[in-house]
Amino acid sequence: MPVADHIRKLGFRRWHERQLIEAHASLVTAFLGVIMVAVCMDQFHWREAGIKPLIMLAVMAAGIALCFKTVAFYFKALFRAEHFAAQAVCGGCGVYGVIEVRTSSVLALQELPDAASGDWLKVRCKKCGHDWTMSADHTQTPIAKSL
Ligand SMILES: [Zn+2]
């Protein structure tokens, strides 16, 4: 589901909060993966007969893959949340995160296939009615560019 639909459904502040919760839950999962790898390394012995060393290697590989996947998700979700949060302050009244999504590039493309270019959200402040456009391309943030 596109970000615009999530923000529309939950509201910006709740969406942002959920992004942070999901990001940090994935970070906890990464730490559990590290613990899983460490325990398997401790219990791993090449000279042991049977299938146990192979199972240990498979679990270690799965733990390492889990760590990479969840850390990547952590940074992606965190950058996305930070990217939108930086643009969620109303230029009219200065209130943070009290917005409604009017339309987005994804919705515009569904209605008019050649109408939109780029990745954006058109939002409106619920407090004062000020309109502005948020860039939805979170890979263009200064932090994301430096990685
Ligand atoms: Zn406002």
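Side chains are part of it too, since the values below use all heavy atoms of this structure and drop only hydrogens, waters and symmetry mates.
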What are the two closest heavy atoms between [X] and [Y], and how far apart are they?
{"X": "L121", "Y": "A4", "answer": "CD2-CB, 3.3 Å"}
{"X": "A30", "Y": "T70", "answer": "CB-OG1, 3.2 Å"}
{"X": "V123", "Y": "I99", "answer": "CG1-CD1, 4.1 Å"}
{"X": "C90", "Y": "C93", "answer": "SG-N, 3.4 Å"}
{"X": "G33", "Y": "L66", "answer": "CA-CD2, 4.2 Å"}
{"X": "V89", "Y": "G94", "answer": "CG1-O, 3.7 Å"}

Do the non-hydrogen side-chain atoms of [X] and [Y] ever get within less than 4.5 Å of each other?
{"X": "D119", "Y": "S135", "result": "no"}
{"X": "W15", "Y": "V3", "result": "yes"}
{"X": "P2", "Y": "S104", "result": "no"}
{"X": "E82", "Y": "L78", "result": "no"}
{"X": "F44", "Y": "M60", "result": "yes"}
{"X": "T103", "Y": "W120", "result": "yes"}

To the nearest 0.5 Å, how far apart are [atom1] in [X] and [atom2] in [Y]?
{"X": "I35", "Y": "C40", "atom1": "CD1", "atom2": "SG", "value": "12.0 Å"}
{"X": "L27", "Y": "L32", "atom1": "CG", "atom2": "CG", "value": "10.0 Å"}
{"X": "T29", "Y": "M36", "atom1": "OG1", "atom2": "CE", "value": "10.5 Å"}
{"X": "H83", "Y": "M134", "atom1": "NE2", "atom2": "CE", "value": "7.5 Å"}
{"X": "Q19", "Y": "I7", "atom1": "CD", "atom2": "CD1", "value": "8.5 Å"}

If hydrophobic clusters are built by linking Ile, Leu, Val, Met, Phe, Trp and Tyr wherever their side-chain heavy atoms come under 4.5 Å apart, do [X] and [Y] end up in the same one?
{"X": "V34", "Y": "V71", "value": "no"}
{"X": "I51", "Y": "V39", "value": "no"}
{"X": "I64", "Y": "M41", "value": "yes"}
{"X": "F31", "Y": "L20", "value": "yes"}

Is it the case that more than 12 heavy atoms not belonging to L54 sit under 6.0 Å from its CG atom?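 Yes, CG of L54 has more than 12 neighbouring heavy atoms, counting only those of other groups under 6.0 Å.
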
Tell me if the OH atom of Y96 is crowded by more than 12 foreign heavy atoms within 6.0 Å. yes

Pairs where residues 52-69 contributes a residue and the test salt bridge (charged side-chain N to carboxylate O under 4.0 Å, His left out) is met, not counting sequence neighbours: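 Sorted result for residues 52-69: E48-K52.
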
Selection residues 15-30 - residue pairs positive for salt bridge (charged side-chain N to carboxylate O under 4.0 Å, His left out), sequence neighbours left out: none

K9/D5 under side-chain contact (heavy atoms from CB on, under 4.5 Å): CA gap, chis, key distance, verdict: CA-CA 6 Å; K9 183 178 173 186; D5 291 341; over 6 Å; no

Yes or no on side-chain contact (heavy atoms from CB on, under 4.5 Å) for H24 and Y74, after CA distance, side-chain angles and deciding distance? CA-CA 7 Å; H24 287 88; Y74 169 74; 3.8 Å; yes

Mark yes or no for whether R8, through its side chain, and R102, through its backbone, hold a donor-acceptor pair below 3.5 Å. yes

Only pairs at least two apart or in different chains count here, so list each side-chain hydrogen bond (donor to acceptor under 3.5 Å, both in side chains) that has a residue in residues 122-132.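 For residues 122-132, and leaving out neighbouring residues, the side-chain hydrogen bond (donor to acceptor under 3.5 Å, both in side chains) pairs sorted by first residue read K122-T133, R124-D131.
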
Test log, rule side-chain contact (heavy atoms from CB on, under 4.5 Å), inputs R80 and F75: CA-CA 8 Å; R80 181 176 43 224; F75 283 114; over 6 Å; no

